[in-house]
Amino acid sequence: MITIALSKGRIFDETVPLLKAAGIVALENPESSRKLILATNRREVRLIIVRASDVPTYVQYGGADLGVAGKDVLDEHGSAGLYQPLDLNIARCRMMVAVRKDFDYAGAARRGARLKVATKYVQTAREHFAAKGMHVDLIKLYGSMELAPLVGLADAIVDLVSTGGTLKANNLVAVEEIAPVSSRLVVNQAALKVKREMIQPLIAAFARAVAAPAG
Ligand code: PRT
Ligand code: MG
């Protein structure tokens with residue numbers, strides 16, 4: 001049996017075509033089913049549905065053999081015990097620094113001001129500002145970062161941006177790109193050895209599907 005960990009929503013939706021290219025079709029839809037373990041058309045393959053930020057943990061400890069996780073999540077989690085053979089090029093977005101429209105970020109940076117930065121991505125933010133030599137106080141949030149500058153909790157946020165619609169709706173502007181983000185295939189290193197004859201063809205099929213997307 002091999003177990004693949006996925007999160008609901010955009011990662012599941014964008015992984016479906018890759019699974020299909022590898023001959024794997026889920027027998028249920030996680031949006032309508034409450035099941036956390038989904039059978040597939042292949043008796044020896046099952047999917048588990050976990051929070052996006054829990055995917056690396058399941059794979060690292062062998063609760064799943066493989067998984068799909070955003071680079072944002074992997075950077076925060078660390079890569080211990082995880083083999084990352086493939087950038088799947090899905091769920092793409094950018095890790096950005098954003099501020100209120102009326103906040104002079106460049107000026108504050110130039111003056112060496114100490115900024116309050118709210119984010120779910122504390123590790124990523126710490127490394128980014130340290131590399132720039134900027135002093136920041138990091139405020140850990142678990143969601144809705146866009147609110148923090150609007151109520152004076154923070155001067156800036158570090159968050160993912162895809163269409164830019166959320167920033168715009170909240171009178172925020174992106175002022176700096178930290179990194180492009182896409183989702184990666186992650187594999188448990190022990191499973192790769194023990195179940196190599198099942199996992200290797202799967203990685204190969206995913207790689208072919210990424211190189212030549214259908215449609
Ligand atoms: O929702 P939950 O708390 O369970 O976890 P999650 O938010 O981490 O999961 P999910 O499914 O929302 O995201 C899974 C992965 O998708 C992330 O880890 C990213 O790698 C990737 N991804 C791609 C995104 C986005 N695009 C994205 N736009 N994840 C989140 N967003 C959010 C962003 O945080 C912001 O609040 O969407 C909002 C901005 O979107 P735009 O289109 O308005 O710019
Ligand atoms: Mg979300």
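Heavy-atom basis, side chains included; hydrogens, waters and symmetry copies ignored. Atoms within a ligand are numbered from 1 in the order they appear, just like the ligands themselves. Quick note: residue numbers are just sequence positions, from 1.
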Checklist entry - Could you walk me through whether H77 and Q60 pass the side chain to side chain donor-acceptor pair (under 3.5 Å) check? => result CA-CA 10 Å; H77 180 271; Q60 176 181 1; 3.2 Å; yes
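Remark: among candidates N170, T166, D72, V161, the nearest residue to atom 18 (O) of ligand 1 is D72, based on non-hydrogen atoms.
Looking at S183 next to ligand 1, no N or O pair under 3.5 Å apart turns up. Residue K71 has no nitrogen or oxygen atom sitting less than 3.5 Å from a nitrogen or oxygen atom of ligand 1, judged on distance alone. Between S53 and ligand 1, no pair of N/O atoms sits closer than 3.5 Å. Between V181 and ligand 1, no pair of N/O atoms sits closer than 3.5 Å. Between R51 and ligand 1, at least one N/O pair is under 3.5 Å apart.
Of the possible polar contacts, none joining the T40 side chain to the I24 backbone as a donor-acceptor pair under 3.5 Å is found. When atom types are taken as modelled, the side chain of K140 and the backbone of K120 share a donor-acceptor pair closer than 3.5 angstrom. Within the 3.5 Å criterion, the main-chain N or O of M1 finds a donor-acceptor partner in the side chain of K195.
At a heavy-atom distance under 4.0 Å, only side-chain atoms of E146, from C-beta outward, approach ligand 1.
In the vicinity of K120, heavy-atom distances shorter than 4.0 Å reach the ligand 1 atoms 6 (P), 7 (O), 8 (O).
Between D155 and K116, no side-chain nitrogen of the basic residue sits less than 4.0 Å from a carboxylate oxygen of the acidic one, so the salt-bridge criterion is not met.
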